[in-house]
Every structure is written in C-alpha cells, then in structure tokens.
Amino acid sequence: MVLTIAAAIFVFGLLVLVHELGHFITAKLTGMRVDEFAIGFGPKLISHRWGETVYSIRAIPLGGFNDIAGMDPGDNDAGERGYCAKPVLSRMVVILAGSIMNFILPVILFFGIFFFAGVSTPNPDPILGTVMEGKPAAEAGLRNGDRVISLDGVETKTWTDFVNGVKDNSGEPITVVVQRGDETIRTVMTPVYDNQAKKAVVGVMSSVKTHHPGIFEAAQLAVNKTVAIILMMLDALYKIILELSGAELAGPIGVAQMAGEVAQMGFVPLLNFAAFLSLNLGIVNLFPIPALDGGHFAGLVVEAVRGKPMSPKALEYTQKIGIFLLILLMVLATKNDIVRVFTGG
C-alpha cells in the first residue's frame, strides 16, 4: 500500500509538474502575469512568493494549475499583461504548451533509460527475470534468475513454452521444476486469470538481454519509441470511439493501482509507465472538449477565424457541456476502477 501511494504521488506529481510548467514558462515568455503556480489541489502544504508569483504544493496530488491573470476577460486586473489582452497566437502557444511538454517528457525519460540502463530485449530462454511479490510464482517459492526445466513433466525449452504452459491453466495447480544454480527445485504453483491480459498468469516477467547505446543512438531510439507509442494510442482511441466502448478507461484509482504494480518491478519500469501515461495525458488534453486544453485551443481558432472572441453566453454553455462530459468520463473510469479492484482484473 505504501509503495502504491508513493508511486502514484511520484507519477502524478511528475506529469502535473511538467504539464503546468509548459503553461507557466510560455505565459511568462509572452509577458503574462502568473499569480500562482500550484502542484495539487486543496489546502496549501507549502507556499512561497518569488517576485509576483506564489509557488505552492497542495494537499491533493491529482492535478495542478497556473493562476494566470486575465483568464476571465471580465476580471482582468493585469491590463496588457492579462491573458485576454494578449494576441491570439500568444494564447494558443500557452494553451498548447502543457501537452507539448507531455510529449517532450517521454523522449527525455526514454533517452535516460536507454543511455543509462540500456536497451533490453526479451531473452528467449525460459529464465525468470522478475518474480512479483504476492503472485502465484512468488508464493510457490520461485525467484529471479530461476531457469524453468519443465511444467507438469513437459520440457520447457523456451520462454514461449513457459507462457503456453501457463496461460490455459487458470486455477489448476502446475508442477514446475526449476534450476537454481547447482540445485534442482520442484514446486507447485496455481495460475490465476488476468482479465486485462485475458489469460492465466503467475506474476513473472522474462529475463532480458541488454545493449548500451551511445548518446545519438539513445536519442534516436527515444524519439522512435515515443512516436510508436503515440501511433499505437491513436489507433486504440480510434477503436474505442468506433466501438463506443469505455471498458479500457482507467481513473485515478486504476492508475494508482497500476503505478504500484509497476513500482514493484523497479524504478526503470516506473519511469516507462510515467512516459506512457504522459503521452496519454498529452493526447487526451488535446481533445476538442471544452474545459480541456484542446477545447480552449478550438475556441481560440474560432476567435481567430471570426476576428473576435466567442460571446460570454456561448463560452458559458460550451464550458458547461465540457464539464458534463468530463464528469461523465470520470464516473465511467471510476466505475471501471472499482470493478477491477473487486474482481482482481
């Protein structure tokens, strides 16, 4: 539980910090007055005024905000330094900067992982790389580095043989023989069905072979992986919209649960998870839904085409629709989280 909470705070805190930093830096560069830069919501835990801006950390680490003067044209006390008084292009840059930072962060994280930890590829041999605590393999006494010799008397020559020997045996005990150094160990483990993987699992990952690239190769690999994940996410979103299915949506509870599970595997997997989630946040924030950055940007595009802002009443209606849609998505995601928690999916 402590690891899950710590991992969730780290991931949420990192993504929010980077996202809000994008808005903050561009607001400052375009001459806007920023009254507060906050990480989290709710009561202030720590705050310090530096120049005209208050920097604060708040109690609920599930978001953050920049209090930019003049966001509401009717309450602009910053004159020419107010958001509403700046050219449309400047406001577009500020609005898009958060998501852009969420796309830049994974490149930096992947570069660091590849350069310092190396590029890992799955080992085809049936050697256990990571045995997760509390899972069937760990409960059966298996350890990292064990080489699987057989499952229920059937020889296991490759990692694929091991996976195939486990995936269709949910709830059925399997006799497993492993080699640990000079010792041969026989034990019994019972796979459990994983609703997300749609197969029986025992809580292990394969061992890996590691290659350490140079700076330029690591940078190229980081960009390539980031682009590949973005394309994969866009394809997944297209299928979700096409099928009108929200079964894969996860809210804060689900993300925290996943962060805790990934953290058990180590800090590098947690950084990979943070990079994946950052791209997710960047894409979703660009949806043209009022109350999201994409919705604000769409409104600025309309203003640029019309030559004047939308009327206050039109803005009010679009904001209400956006908030309603966000609440609907959050309710659906939270429902999915609760179902996963109680069904073990």
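At a threshold of 4.5 Å between non-hydrogen side-chain atoms, the residues Ile149 and Val178 do not count as touching. Counting only heavy atoms from C-beta outward, the side chains of Lys167 and Lys198 never approach each other to under 4.5 Å. Counting heavy atoms from C-beta on, the side chains of Phe65 and Phe37 never come closer than 4.5 Å. Contact check for Phe287 versus Asp293: no side-chain heavy atoms found under the 4.5 Å cut-off. Looking at heavy atoms from C-beta onward, Phe267 lies in side-chain contact with Phe10 at the 4.5 angstrom threshold. Asp67 has its side chain out of reach of Val34: every pair of non-hydrogen atoms, C-beta onward, lies at least 4.5 Å apart. At least one side-chain heavy atom of Val11 sits less than 4.5 Å from a side-chain heavy atom of Leu270. Looking at Glu172 and Ile174, their side chains never come closer than 4.5 Å, going by heavy atoms from C-beta outward.
Screening residues 139-155 for side chain to side chain donor-acceptor pair (under 3.5 Å) gives Asp146-Arg180 as the qualifying pairs, with residues at least two apart or on separate chains. Every pair tested for side chain to side chain donor-acceptor pair (under 3.5 Å) that includes a residue from residues 6-15 fails, sequence neighbours excluded, so the list is empty. Applying the side chain to side chain donor-acceptor pair (under 3.5 Å) test to residues at least two apart or on different chains, the pairs with a partner in residues 34-56 are Lys28-Glu52, Lys28-Thr53, Arg33-Asp35, Glu36-Ser56, Glu36-Arg58, Glu52-Arg81.
Residues Ile25 and Ile39 share a hydrophobic cluster, clusters being chains of Ile/Leu/Val/Met/Phe/Trp/Tyr side chains in contact below 4.5 Å. In the hydrophobic clustering of this structure, Met205 does not group with Val119; members are Ile, Leu, Val, Met, Phe, Trp, Tyr whose side-chain heavy atoms approach within less than 4.5 Å, directly or through other members. In the hydrophobic cluster analysis, where Ile, Leu, Val, Met, Phe, Trp and Tyr join through side-chain heavy atoms closer than 4.5 angstrom, Val16 is grouped together with Val94. Follow the hydrophobic side-chain contacts under 4.5 Å out from Met92 and you reach Phe24 in the same cluster. Linking ILVMFWY side-chain heavy atoms closer than 4.5 Å, directly or via other members, places Met233 and Val18 in a single hydrophobic cluster.
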Determine all donor-acceptor pairs shorter than 3.5 Å in which one atom belongs to a side chain in residues 122-138; sequence neighbours excluded.
from: Asn123; atom 1: OD1; to: Asp125; atom 2: N; distance (Å): 3.0
from: Asn123; atom 1: ND2; to: Ser207; atom 2: OG; distance (Å): 3.3

Donor-acceptor pairs under 3.5 Å, side chain of residues 82-90 to any protein atom, not counting sequence neighbours: which ones?
from: Lys86; atom 1: NZ; to: Thr30; atom 2: O; distance (Å): 3.4
from: Lys86; atom 1: NZ; to: Glu80; atom 2: O; distance (Å): 3.3

Report all side-chain donor-acceptor pairs from residues 271-280 shorter than 3.5 Å, counting only partners two or more places apart or in another chain.
from: Asn272; atom 1: OD1; to: Lys225; atom 2: NZ; distance (Å): 3.3
from: Asn272; atom 1: ND2; to: Val268; atom 2: O; distance (Å): 3.3
from: Ser278; atom 1: OG; to: Asn102; atom 2: O; distance (Å): 2.7
from: Ser278; atom 1: OG; to: Asn102; atom 2: ND2; distance (Å): 3.2

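The distance from atom CG of Leu300 to atom NE2 of His296, rounded to the nearest 0.5 Å, is 9.0 Å. To the nearest 0.5 Å, atom NE2 of residue His19 and atom CD1 of residue Ile100 are 10.5 Å apart. We find the CE-CG distance between Met101 and Leu96 to be 13.5 Å, quoted to the nearest 0.5 Å. Atom-to-atom distance recorded for Ile113:CD1 and Leu221:CG is 12.0 Å, nearest 0.5 angstrom. Interatomic distance, OG of Ser99 versus CG of Leu281, reported as 6.5 Å (0.5 Å rounding). Rounding to the nearest 0.5 angstrom, the gap separating the CG atom in Asn285 from the CD1 atom in Ile95 is 10.0 Å.
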Determine, stepwise, if the pair Lys199 / Val166 fulfils side chain to side chain contact (heavy atoms under 4.5 Å, CB included). CA-CA 9 Å; Lys199 63 182 179 181; Val166 168; over 6 Å; no
Stepwise side chain to side chain contact (heavy atoms under 4.5 Å, CB included) check, Val302 with Val305: CA-CA 5 Å; Val302 171; Val305 172; 5.9 Å; no
Checking Thr184 against Val177 for the side chain to side chain contact (heavy atoms under 4.5 Å, CB included) test, could you report, in this order, the C-alpha distance in whole Å, the side-chain angles of both residues, the deciding distance, and whether it holds? CA-CA 7 Å; Thr184 300; Val177 179; 3.6 Å; yes
Stepwise side chain to side chain contact (heavy atoms under 4.5 Å, CB included) check, Val223 with Phe111: CA-CA 8 Å; Val223 172; Phe111 171 79; over 6 Å; no
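The backbone N or O of Gly79 lies less than 3.5 Å from a partner atom in the side chain of Asn76, making a donor-acceptor pair. The closest donor-acceptor contact from the side chain of Asn169 to the backbone of Gly165 lies under 3.5 Å. At distances below 3.5 Å, not a single donor-acceptor pair connects side-chain atoms of Thr156 with backbone N or O atoms of Phe162. Checked by atom type and distance alone, the side chain of Asp235 never pairs as donor or acceptor with a backbone atom of Met232 at under 3.5 Å.
Surrounding CG of Leu231 are more than 12 heavy atoms belonging to other residues, nucleotides or ligands, all under 6.0 Å away. Around atom CZ of Arg186, no more than 12 heavy atoms belonging to other residues, nucleotides or ligands sit under 6.0 Å away.
Taking each heavy atom of Gln179 and Asp182 in turn, the nearest pair found is NE2-C, 3.7 Å. The shortest heavy-atom contact between Glu20 and Gly64 is OE2-O, 3.3 Å. Here the closest non-hydrogen pair linking Phe41 and Gly63 is CE1-CA, 3.4 Å. Shortest non-hydrogen contact noted between Pro213 and Phe115 is O-CD1, 3.8 Å. Smallest separation of non-hydrogen atoms from Asp161 and Lys157: OD2-N, 3.1 Å. Considering every non-hydrogen atom in both Gly282 and Phe103, the closest pair reads C-CZ, 3.7 Å.
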